[in-house]
Visitor: 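I am attaching a structure below and will ask some questions about it afterwards.
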Amino acid sequence: MPFSPQHFEAKWRTAWRERGTYRVDTPSAGDERKPKFYVLDMFPYPSGAGLHVGHPLGYIASDIYSRYKRMEGFNVLHPMGYDSFGLPAEQYAIQTGIHPSESTATNMHRYREQFDLIGFSFDWDRKVVTSEPVYYKWTQWAFARMFDSYYDLAEGKAMPISDLVAAFAKTGVTGVHAASDSNLQFGAEEWREFSRKRQSEILMDYRIAYRKQAYVNWCEALGTVLANDEIKDGVSERGGHPVEKRPMLQWCLRTSAYAQRLLDDLEALDWTDSLKTQQRNWIGRSTGAQVRFAVEGSDASIEVYTTRPDTIYGTTFMVLAPEHPLVDRLTIADRREAVSAYKARAAGRSDIDRQSDVKEVSGEFTGAYALNPLSGKRLPVYVAEYVLMDYGTGAIMAVPSDDERDERFARHYGIEIIPVVDRPAGAKASDKVGTLINSAFLDGMPVKTAIAAAAARLEELGVGEGKTNFKLRDANFSRQRYWGEPFPIVYDAEGIPERAPDADLPVVLPKLDDYKPTSGGAGPLARATDWVNELPGYTRETDTMPAVAGSSWYFLRYMDPGNAEALASAEAMAYWQNVDLYVGGTEHAVSHLLYARFWQKFLYDLAVVPTKEPFAKLINQGMIQGVIETIFFHKGDKYFASADLVEEANRDAFAPNYVLVDYVSDYGFDDRASYLDVDQIERFRAWRPEYADTEFRFGADPNKFLTHSEVGKMSKSRYNVVNPDDIIGRYGADCFRMYEMFLGPIEQHKPWSVNGIEGVAKFLRKLYSLYYDEQDQWTVSDVAPTEEAMKSLHTAIKKVREDIERFSMNTCVSTFMICVNDLRGQGCRSGQVLEPLARLMAPFAPFFTEELWERLGHTDSIHLAQFPQLEEQYLVESEIEYPISVNGKKRTTARMPSAASKEELEASAKMLPELASYLAEGEIKRVIVVPGRMINFVVG
RNA sequence: GCCCUGGUGGUGGAACUGGUAGACACGCAGGACUUAAAAUCCUGUUCCCUUUGCGGGAGUACGGGUUCGAUUCCCGUCCGGGGUACCA
């Protein structure tokens, strides 16, 4: 009884492509419109390792959902593309000399083959590739708009920078409410007299896309800027060279201007609470007060931000960030040397270094004293790394009694600690509970009252005001790399940046032969001198945009991917609106989603897009993890040791080596240990010839060389990537799809294993046998279905529909198994049952159901068929066996009509003969009936 | 440290808003078919006691609580996974 997917899968792959089965049209405005539904997957970076079994988890689930919605009568947009700019392709190019566009094309081709193998219903005519000029033209276009805009705080949206220029010329800074880093004051007259260069510099403080000095991780030895994840333990991952922080001119996006809107609009989204919380924490809104502390013997004052103005009487010292502009001015002659040395040390340390010794206390006294504006107390001013320049004002009032870091610092330097809040035992300072003490007029107030009272008093005295702060910082948008979007920016002879005219877009990335960074910090593009000097009198920007640029708006391009006049037509956007369902991994929970939301809001301000939020509903899929197998290499004596010979005490002598997972056998008992036998060791040696003569020392078991196993991310470097291809080759795509769904809830992280795939394969063979007999003869007939068969079918329809709606694909598979088992048991051959069954399963097993559909005599695709409708009459059971319990203890059961109302059930329950014997136990106080479930009598 | 998650048989997991815990599947054991094997089919499979059959008890990481009734809600503890990093 052969059921062989190979016989029909290839046929349908070709047919779907030739017929354009999955093409989706945007109806024109006048036409009859089906309701739209937009299902989006996070598009992949086309890596050299190909698609692994983890990718399709979310893709299959969303494909099922799309097919279901389509069958329910929606016009479903379900596109796919590639996020093809990025570092790996560039590094690969440096190693091999193969141009990133070539390796990317190869990889995309491979991905496409794999996608097709699985049978996704993507409309490939809408493919989007972020590294293609036709696409990144619009990435550049949006950037140019950001360059041309400022954020108006009064209007609460982005406005043309020309409006700001006009306002400056008319009234100067006065009356302008714009998001800015600057607090420069000037009048209209002054503005007009500023040089062009000066004006350009000032506008930079207002533009939404702007350039500023920002600190980057600079690696002198590699001559390049490194991303955080390219640095390990303070040195570069490649080569182990030292990394330092260095200020460089970088393009940035003023995402901080949108902080409040990004926070507020979260409310209405259908996302999980945990995801919303993560976004909220990232945006990090806090309310507090900005307070000025006068400096003794100076006209300078130190401005600090605090969320706890109530604790101001507990302030015993002040701290400035090392980069704070007042440091040099305030430091007295005696302390100058020490403070300079400290500043230099801080500047030479990377972010990573600073982070790695969080617990270490360091700082220097400047010799200056500030004065508490309320108590007049003298406060020594320190400089210390634990205060960050780019949060708040870069200075703090230190209250060691109510802040852990301040306390650590105070204890280390022997500074006084004054308790100002009497807290209940066990409460932390951050709980904001307790009563104020030692705080003059605040004494006796609860913390929350005191915060308001203190803030009010500071405001009265003119030394402070309420202030809201956000953790969200502006996005650094420059990379000194090759494989990214060039900026649509040119510099004139004076070095004044201008945006390239729209007619010049796209600014096409020039071909290079050498992708290595240049010395001196400029990106590889600086080598393309012809390109840089292409426009007479101008030079081009040589930085490129980061990978997030292209992925921040790709969902819009799918709506109208071929449009040469706009990023998408207004008509297409008016119809498709925004993404109804977005499916993707948690690892993008913060940055990608935040950038995309920002981009959308900016375009909304420009009236380019019709909605404020890009993704109405979001489902996070869990990671499929791989097993990571490690063996230990003794660094001194050059041998491999069985894992049981490696203990904590001697562990440092060994270097871990990853082993190809296929080479390893399971130990059986202990999931933390697997082993290699003698043959497997030989295979390992053949795979890694450099170890051909290396000794393998066995431990307790002379036949089993133990490895260390753990569960973790699948990656090429750990040799644990499992490709779907061979599984599909063996079991077929339908089986692969259903098995991935059957594994468990898609939100859950889980290690990949093929345990149990046989169960799904067996199920598909059973399904086949409903339609074909043992001689592979078609057996579906038009005999009338039995009542029983209709019940089995409709029970399944009800459950599957509900479960797809709540994205519980794993239970759908179980439902199919039960239904098919029932129908087989009943010997059902009726087309009236088997035809809807095929439609029911079509989203899950598109290949086989398409085959059945054709065999059932249909000429169109099952993809376009209707999802089976539920006929309620088949669900009704005449009687149901109810468990009867007394005070929650189960006593007996009784058959009761299932269709009855709750009241009727209660009434008939009271007449049950089974109950009589229990009545003696006491009076019936209450009868609780859960229709279809149970009846409980409360006696007592 | 903080934030977010999760903890159910030998295994993956079910149980939708509190209502017969362990669906479905894997694995395992026994049986049928077969010269044999594979495939297929049937039966059993949470644990403990009892057993010829019945029956009884415990049980959803642990300890409490609310409720007629808790895997589900609340409080505390322990353990795993992910994220984050001195945010005043």
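Residue numbers begin at 1 in each chain, while the letters A, B, ... track the order of the sequences.
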Visitor: Using the test side chain to side chain contact (heavy atoms under 4.5 Å, CB included), find all partners of A:Ala395 that sit at least two apart in sequence or belong to another chain.
Guide: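 In terms of side chain to side chain contact (heavy atoms under 4.5 Å, CB included), with neighbours along the sequence ignored, A:Ala395 is linked to A:Ile302, A:Val304, A:Leu320, A:His324, A:Thr393.
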Visitor: Mind checking what makes ring-ring contact (aromatic ring centres under 6.0 Å, His included) contact with A:Tyr342, not counting sequence neighbours?
Guide: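 If we apply the ring-ring contact (aromatic ring centres under 6.0 Å, His included) test to A:Tyr342, skipping adjacent residues, there are no hits.
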Visitor: Let me know the distance between CZ of A:Arg285 and P of B:C3, rounded to the nearest Å.
Guide: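 It is 20 Å, rounded to the nearest whole Å.
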Visitor: Once side chain to side chain contact (heavy atoms under 4.5 Å, CB included) is applied, do any residues pair with A:Ser301, and if so which ones, sequence neighbours excluded?
Guide: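 Testing A:Ser301 for side chain to side chain contact (heavy atoms under 4.5 Å, CB included), a comparison that skips the adjacent residues, returns A:Arg292.
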Visitor: From B:G83, B:G19, B:A15, pick the nucleotide closest to the side chain of A:Gln278?
Guide: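 Between B:G83, B:G19, B:A15, the one nearest the side chain of A:Gln278 would be B:G83.
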Visitor: Do you know the tightest heavy-atom contact between A:Pro400 and A:Gly314?
Guide: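 Nearest heavy atoms, A:Pro400 then A:Gly314: CD-O, 3.8 Å.
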Visitor: Classify the glycosidic conformation of B:G9 as syn or anti, calling it syn when the angle lies within 90° of 0.
Guide: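 This nucleotide is in syn.
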Visitor: Would you call the rings of A:Tyr768 and A:Tyr772 parallel, tilted or perpendicular if under 30° counts as parallel and over 60° as perpendicular?
Guide: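 Taking A:Tyr772 first and then A:Tyr768, their aromatic rings lie parallel (interplane angle under 30°).
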Visitor: In whole angstroms, how far is the C1' atom of B:G1 from the CZ atom of A:Arg408?
Guide: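 To the nearest whole Å, that distance equals 10 Å.
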Visitor: Say you pick atom C1' in B:C47 and the same atom in B:A37; how far apart are they, in whole Å?
Guide: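 Each nucleotide's C1' atom is 36 Å from the other's.
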Visitor: Could you give the distance separating B:U77 and B:A25 at their P atoms, to the nearest angstrom?
Guide: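 Per the computed distance, 42 Å lies between those P atoms.
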Visitor: Quick check for you: among B:A88, B:C16, B:G19, whose closest atom lies nearest to any side-chain atom of A:Ile928?
Guide: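 The answer is B:G19.
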Visitor: Given the P atoms of B:U67 and B:U51, what is the spacing between them in whole Å?
Guide: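 It comes out at 41 Å once rounded to the nearest Å.
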Visitor: For A:Tyr739 and B:G13, what is the distance between atoms OH and C1' respectively, to the nearest whole Å?
Guide: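 The answer, rounded to whole Å, is 11 Å.
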Visitor: If I pick the P atom on B:U72 and the same atom on B:G59, what distance separates them, to the nearest angstrom?
Guide: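 After rounding to an integer number of Å, I get 13 Å for this pair.
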Visitor: Please give the distance between the C1' atoms of B:G6 and B:U71 as a whole number of Å.
Guide: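 Comparing C1' positions in B:G6 and B:U71 gives a spacing of 13 Å.
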Visitor: Taking CG from A:Leu472 and P from B:A85, how many angstroms apart are they, rounded to a whole number?
Guide: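 To the nearest whole Å, that distance equals 14 Å.
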Visitor: Mind checking side chain to side chain contact (heavy atoms under 4.5 Å, CB included) for A:Asn810 and listing every partner two or more places apart, or none if nothing turns up?
Guide: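 Residues passing side chain to side chain contact (heavy atoms under 4.5 Å, CB included) with A:Asn810: A:Pro745, A:Ser808.
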Visitor: What string of B, S and - do you get for nucleotides 22-29 of chain B, 5' to 3', if B is base contact, S is sugar-phosphate-only contact and - is no contact with any protein heavy atom under 4.0 Å?
Guide: -BBSS---
Visitor: I need the CD-P distance between A:Glu802 and B:A15, as an integer number of Å.
Guide: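 In whole Å, B:A15 P lies 12 Å from A:Glu802 CD.
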Visitor: Could you please spell out the steps behind the side-chain contact (heavy atoms from CB on, under 4.5 Å) verdict for A:Ile312 and A:Met397?
Guide: CA-CA 8 Å; A:Ile312 191 163; A:Met397 57 175 228; 4.0 Å; yes
Visitor: If each of A:Tyr386 and A:Asn281 is mapped to the nucleotide of RNA chain B with the nearest heavy atom, which maps nearer the 5' terminus, i.e. the 5' end?
Guide: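 The residue mapped nearer the 5' terminus is A:Asn281.
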Visitor: Looking only at side-chain N and O atoms, does A:Gln748 come under 4.0 Å of OP1 or OP2 in B:G13?
Guide: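 For A:Gln748, the contact criterion (side-chain N or O under 4.0 Å from OP1 or OP2 of B:G13) is met.
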Visitor: Please name all residues satisfying salt bridge (Lys or Arg N to Asp or Glu O under 4.0 Å) with A:Lys617, sequence neighbours left out, ordered by chain then number.
Guide: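 Salt bridge (Lys or Arg N to Asp or Glu O under 4.0 Å) list for A:Lys617, sorted by chain: A:Asp270.
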Visitor: Who are the salt bridge (Lys or Arg N to Asp or Glu O under 4.0 Å) partners of A:Lys471, not counting sequence neighbours?
Guide: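 Listed in chain order: nothing, the list is empty.
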Visitor: Looking only at atom C1', what distance separates B:A38 and B:C33, rounded to whole Å?
Guide: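 These two C1' atoms come out 13 Å apart once rounded.
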Visitor: For A:Asp403 and B:C86, give me the distance from atom CG to atom P, rounded to whole Å.
Guide: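 Rounded to whole Å, this separation is 13 Å.
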Visitor: Just need the stems in RNA chain B: three or more back-to-back Watson-Crick or G-U pairs, each with both distances under 3.5 angstrom, sorted by first number.
Guide: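 The stems are B:1-7 with B:78-84, B:10-12 with B:24-26, B:27-32 with B:40-45, B:46-49 with B:55-58, B:61-65 with B:73-77.
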Visitor: Please confirm whether the shortest side-chain N or O distance from A:Arg765 to OP1 or OP2 of B:U40 is below 4.0 Å.
Guide: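 Result: yes.
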Visitor: Contact class for A:Arg824 (heavy atom, under 4.0 Å): base, sugar-phosphate, or nothing?
Guide: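 Touches sugar-phosphate only.
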Visitor: In whole angstrom, give the distance that lies between atom CD of A:Glu747 and atom P of B:U5.
Guide: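 Rounding to the nearest Å, CD of A:Glu747 and P of B:U5 are 13 Å apart.
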Visitor: Mapping A:Met934 and A:Asp803 to their closest nucleotides on RNA chain B, which lands nearer the 5' end?
Guide: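 In this pair, the answer is A:Asp803.
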Visitor: Any donor-acceptor pair under 3.5 Å linking the side chain of A:Thr306 with the backbone of A:Val291?
Guide: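 Between the backbone of A:Val291 and the side chain of A:Thr306 there is no qualifying donor-acceptor contact (under 3.5 Å).
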Visitor: Any side-chain N or O of A:Arg405 less than 4.0 Å from the OP1 or OP2 oxygen of B:C87?
Guide: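 Checking B:C87 against A:Arg405, a side-chain N or O does come within under 4.0 Å of OP1 or OP2.
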Visitor: Base, sugar-phosphate alone, or nothing: which one does A:Leu743 contact when heavy atoms must sit under 4.0 Å apart?
Guide: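 Since only primed, P, OP1 and OP2 atoms lie under 4.0 Å of A:Leu743, the category is sugar-phosphate.
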Visitor: Take the angle between the ring planes of A:Tyr391 and A:Tyr305 and call it parallel below 30°, perpendicular above 60°, tilted in between.
Guide: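 If you compare the ring of A:Tyr391 with that of A:Tyr305, the planes turn out perpendicular.
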Visitor: Does any donor-acceptor pair link the side chain of A:Arg473 with the base of B:C87 at a separation under 3.5 Å?
Guide: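 Donor-acceptor pair under 3.5 Å: yes.
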Visitor: When rounded to the nearest Å, what value does the distance between P atoms of B:C87 and B:C79 take?
Guide: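 Nearest-Å result for B:C87 against B:C79 at atom P: 25 Å.
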Visitor: Compare side-chain N and O positions of A:Tyr391 against OP1 and OP2 of B:A88 and report whether any pair is under 4.0 Å apart.
Guide: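 For B:A88, OP1 or OP2 has a side-chain N or O of A:Tyr391 closer than 4.0 Å.
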Visitor: Between B:C68, B:G12, B:G13, which one does the side chain of A:Asn936 approach most closely?
Guide: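 Of the options given, the side chain of A:Asn936 lies nearest B:C68.
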Visitor: Starting at atom NE2 of A:His324, determine the distance to atom P of B:A88, rounded to an integer number of angstrom.
Guide: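 It works out to 17 Å between those atoms.
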Visitor: Which donor-acceptor pairs under 3.5 Å do side chains of residues 816-824 of chain A form with protein atoms, sequence neighbours excluded?
Guide:
unit_1: A:Asn821; atom_1: OD1; unit_2: A:Lys766; atom_2: NZ; d: 3.3
unit_1: A:Arg824; atom_1: NH1; unit_2: A:Ser769; atom_2: OG; d: 2.7

Visitor: Which whole number of Å gives the distance between the P atom of B:G64 and that of B:U45?
Guide: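 Straight-line distance between the two P atoms is 32 Å.
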